[in-house]
Amino acid sequence: MVRSVLLRGFDQEMAERVGSYMEQHGVKFLRKFIPMMVQQLEKGSPGKLKVVAKSTEGPETVEGVYNTVLLAIGRDSCTRKIGLEKIGVKINEKNGKIPVNDMEQTNVPYVYAIGDILEGKLELTPVAIQAGKLLARRLFGGRLEKCDYINVPTTVFTPLEYGCCGLSEEKAIDVYKKENLEIYHTLFWPLEWTVAGRDNNTCYAKIICNKLDNNLVIGFHILGPNAGEITQGFAAAMKCGLTKQLLDNTIGIHPTCGEIFTTLEITKSSGLDISQKGC
């Protein structure tokens, strides 16, 4: 059951491709519905549970009986009952998140915040660890390095992994305007899928480049096997200022999925076909 969009906050083209793959492999999505009631019909492991759901766009309701119900409800910022108001630290009253500057400093200069409670930042454990280390070094070690919240690699471990680093296409257009971007993309067929004849033209790769900055890669996205491993490596290159020309100058390892980023030629703006005819 999907209340609004798949993978909120991620590139929506990639999110829809993830959803399409899951649908093709038997997952049924009920879109624009939210659960209103879960009633136990029978005890047991598994038992029977009746679920009643309501449309987010009208009065329509649906119901079904299942043996398992899993609610992915996100997380809550537990910042309202720890005394922040007594020292004047501002929080977002709607979600409990804490606004900070680029040094993780709240509106009260001697109070800092890191991790998932930060407003507008990523809810990822490695990000919190990195931010905490850098904050401690700035406060007590005479260092100056700040946490980079933009080029953070991450992976969604869906049945077909989705890895990304940098900006989504939507965010890139919002920040840099569409006419200043060049987006290179392609479908590809992993070696381990070719012999079995599995799902050609399903895996997908794209990079978003800033034409005003030497075609700097500002967004990296891949949907395919081992996307996390691939993304981790390219993330280091992006920290070093990866450009489209540097990718073109890199010799690929054949046959790997990662090599696809060294041979990207087709732009979205060209409208050319990206489907693959062979491995």
Side-chain angles (χ1 to χ4, degrees), residues 1-35 51 53 55-58 60 62 64 66 68-74 153-174 178 181 183-208 219-231 234 255-261 263-279:
M1 194 179 297
V2 185
R3 131 187 107 193
S4 56
V5 298
L6 298 173
L7 299 178
R8 181 194 301 278
F10 286 88
D11 186 286
Q12 282 302 292
E13 178 186 26
M14 303 303 292
E16 285 300 319
R17 288 181 179 274
V18 167
S20 175
Y21 179 87
M22 292 173 69
E23 284 179 326
Q24 290 168 18
H25 289 78
V27 178
K28 297 175 183 177
F29 287 100
L30 184 61
R31 296 196 180 230
K32 301 294 179 70
F33 275 85
I34 54 174
V51 178
S55 169
T56 59
E57 298 182 326
E60 183 186 359
V62 296
Y66 307 92
T68 305
V69 174
L70 173 67
L71 295 177
I73 58 174
T154 192
T155 297
V156 184
F157 292 97
T158 33
L160 188 57
E161 289 182 24
Y162 163 35
C164 61
C165 184
L167 300 178
S168 66
E169 191 171 333
E170 292 85 3
K171 184 67 174 177
I173 290 171
D174 184 49
K178 190 172 185 178
L181 302 175
I183 299 170
Y184 296 85
H185 67 152
T186 189
L187 293 161
F188 65 95
W189 203 14
L191 173 70
E192 61 263 44
W193 289 15
T194 57
V195 175
R198 287 180 54 204
D199 298 329
N200 195 3
N201 291 311
T202 296
C203 297
Y204 178 71
K206 77 173 174 182
I207 56 170
I208 304 163
F220 174 97
H221 302 268
I222 181 169
L223 179 68
N226 308 304
E229 303 292 348
I230 296 165
T231 304
F234 280 100
T256 65
C257 293
E259 76 169 320
I260 202 72
F261 290 97
T263 58
L264 288 172
E265 295 177 346
I266 299 175
T267 63
K268 272 197 172 185
S269 58
S270 72
L272 295 175
D273 181 26
I274 60 169
S275 58
Q276 301 293 297
K277 304 299 186 289
C279 64

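Rounded to the nearest 0.5 Å, atoms OG1 (Thr158) and OH (Tyr21) are 9.5 Å apart. To the nearest 0.5 Å, atom CD1 of residue Ile207 and atom SG of residue Cys165 are 12.5 Å apart. Note that the CD1 atom of Ile34 and the OG1 atom of Thr56 stand 7.0 Å from one another [nearest 0.5 Å]. A distance of 9.5 Å separates CG of Leu264 from NE2 of His185, quoted to the nearest 0.5 Å. The structure places CZ of Phe33 at 9.0 Å from CD of Glu57, a figure rounded to the nearest 0.5 Å. Rounding to the nearest 0.5 Å gives a distance of 10.5 Å between OG1 of Thr256 and CG of Asn226.
Each of Gln24, Glu23, Glu16 was compared with Ser20 under the side-chain hydrogen bond (donor to acceptor under 3.5 Å, both in side chains) criterion, and only Gln24 meets it. When each of Tyr162, Phe234, Phe188 is paired with Ile222, the side chain to side chain contact (heavy atoms under 4.5 Å, CB included) condition holds for Phe188 and for no other.
Contact check for Leu167 versus Ile208: no side-chain heavy atoms found under the 4.5 Å cut-off. When side chains are defined from C-beta on, Trp193 counts as touching Thr202, because their heavy atoms get closer than 4.5 Å. Within the 4.5 Å cutoff, side-chain heavy atoms of Pro225 are placed close to those of Glu192. Using a 4.5 Å cut-off on side-chain heavy atoms (C-beta onward), Phe220 and Ile230 make contact. Put simply, the side chain of Arg17 does not reach to within 4.5 Å of the side chain of Asp11, judged on heavy atoms. Looking at Phe29 and Met22, their side chains come closer than 4.5 Å, going by heavy atoms from C-beta outward. Taking 4.5 Å as the limit, every side-chain heavy atom of Val156 sits out of range of all side-chain heavy atoms of Val18. Between Thr154 and Cys164 there is a side-chain heavy-atom pair separated by less than 4.5 Å.
For the pair Thr155 (side chain) and Phe157 (backbone), a donor-acceptor distance under 3.5 Å is absent. Between the side chain of Trp189 and the backbone N or O of Gly197, no donor-acceptor pair lies under 3.5 Å. Remark: the backbone N or O of Ala227 is paired with a side-chain donor or acceptor of Thr231 at under 3.5 angstrom.
No more than 12 heavy atoms of other residues, nucleotides or ligands sit less than 6.0 Å from atom CZ of Arg8. At most 12 non-hydrogen atoms from other residues, nucleotides or ligands lie less than 6.0 angstrom from NZ of Lys171. Atom CD of Glu170 has more than 12 heavy atoms from other residues, nucleotides or ligands within 6.0 Å.
For Pro35 against Leu71, the heavy-atom pair with the smallest separation is CG-CD2, 4.3 Å.
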Checking side chain to side chain contact (heavy atoms under 4.5 Å, CB included) for the pair Glu229/Glu161: CA distance, chi angles, key distance, verdict?
CA-CA 10 Å; Glu229 303 292 348; Glu161 289 182 24; over 6 Å; no
Is there a side chain to side chain contact (heavy atoms under 4.5 Å, CB included) between Tyr204 and His221? Walk through the geometry before answering.
CA-CA 8 Å; Tyr204 178 71; His221 302 268; over 6 Å; no
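Side-chain contact check for Gln276 and Thr186: at least one donor-acceptor pair (N or O, by modelled atom type) lies under 3.5 Å.
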